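Reading through the C-alpha cells given below for one structure.
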Amino acid sequence: MDFTEKKCSETYYFEGKIMKARLDEVELPNGKPAKREVCEHVGGVGVLPIDDDGYVWLVRQFRYPFGEMVTEIPAGKLDHGPDENIRDCGARELKEETGCTADELIDLGCIYPSPGFLTEVTYLYAARGLHPGEATPDEGEFVERIRMPVEELERRIASGEIRDAKTVAAMYRARLKGLLDGRR
C-alpha cells in the first residue's frame, strides 16, 4: 500500500545558517488535509575513533538544547557548502575535536536522527589507525577529550548514561561489522 503524502504548499518561518523551519500543508493517502512541521538541516558526520588498544576517543561538551554536558563521538555539520565531501568532513571533525588523524575511515552508513520532523542525515564512520595530535576546536567550541575502553562505553550506553543517538548508532554498527571485536 502507498502511504505517500502529497505536499500542497510550504511556508518558511525561519531560515538560519544550518537549519530552516517550515510548515507544509499535505494531502494524506485518504485524501484528507494535514499539516507537517519540518526542520530542514544541512546534515552532519560523526566518527567513532577506535585505537589499537581497544579504546574509543570521545568528546564531552555542553549541549545547549538539553542544558547538560553530553559525551559523544566527534562530529560536525556539513556546513562548508553544497559540494562538501562527507568523508573529508569526518576527517576534519576528528582532527579538530580529538587531535587524531586516521589511516582509514570505515563507512558505517547513515542515520535519520529524528525523521518525524527533521531532514537531517548523519553519516557515520569508524576511524582506525589513529595518530594522536593536538586538538583544534572551532572558535566558540569547548570540548574535553575522553579516551575510554570500548567495554566502558558499551556499559554507559546500556545504562542510559550515554544518550547521544549518533554515538549509540555508531557503536552498534561498528559492533555488527566486527570492528570492536579485538585489536587491529
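Computed from a predicted model, the values in this text were never measured in an experiment. By convention here, the first residue in the shown sequence is residue 1.
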Check against salt bridge (charged side-chain N to carboxylate O under 4.0 Å, His left out), Glu84 and Arg92: CA-CA 11 Å; Glu84 182 172 16; Arg92 179 187 73 238; 2.5 Å; yes
Criterion salt bridge (charged side-chain N to carboxylate O under 4.0 Å, His left out) on Arg128 and Asp51, from CA distance to verdict: CA-CA 6 Å; Arg128 299 300 302 259; Asp51 69 23; over 6 Å; no
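Counting only heavy atoms from C-beta outward, the side chains of Ile162 and Met171 never approach each other to under 4.5 Å. Side-chain contact between Pro29 and Glu5: present, with at least one pair of heavy atoms (C-beta onward) separated by less than 4.5 Å. Between Val38 and Glu10, every side-chain heavy-atom pair lies at or beyond the 4.5 Å cut-off. Contact annotation: the side chain of Tyr123 never approaches that of Cys89 to less than 4.5 Å [non-hydrogen atoms, C-beta and beyond].
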Give the table of side-chain donor-acceptor pairs shorter than 3.5 Å for residues 13-20, with sequence neighbours excluded, one pair per line with atom names and distance.
none

Donor-acceptor pairs under 3.5 angstrom involving side-chain atoms of residues 39-47: please list them, not counting sequence neighbours.
from	atom 1	to	atom 2	distance (Å)
Glu40	OE1	Tyr12	OH	3.4
Glu40	OE2	Tyr12	OH	2.5
Glu40	OE2	Arg22	NH1	2.4
His41	ND1	Gly43	N	2.8

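At distances below 3.5 Å, not a single donor-acceptor pair connects side-chain atoms of Arg173 with backbone N or O atoms of Asp107. Remark: side-chain polar atoms of Thr167 are paired, donor with acceptor, to backbone N or O of Ile73 under 3.5 angstrom.
Shown here is Glu161, whose CD atom has more than 12 heavy atoms of other residues, nucleotides or ligands within 6.0 Å. Other residues, nucleotides and ligands place no more than 12 heavy atoms under 6.0 Å from the CD atom of Glu37.
By the side chain to side chain contact (heavy atoms under 4.5 Å, CB included) test, Arg87 is found to be paired with Asn85, Leu105, Tyr125, residues two or more places apart in sequence or in another chain being considered. Annotation: side chain to side chain donor-acceptor pair (under 3.5 Å) contacts of Thr4 (sequence neighbours excluded): Asp2. With sequence neighbours excluded, the residues that form a side chain to side chain contact (heavy atoms under 4.5 Å, CB included) with Thr101 are Lys95, His131. The side chain to side chain donor-acceptor pair (under 3.5 Å) search around Thr98 returns none, not counting sequence neighbours.
The pair Glu151-Arg155 does not count as a salt bridge, with every side-chain nitrogen at least 4.0 angstrom from each carboxylate oxygen. Between Lys166 and Glu120 there is no salt bridge, since no side-chain N of the basic residue sits under 4.0 Å from a carboxylate O of the acidic one.
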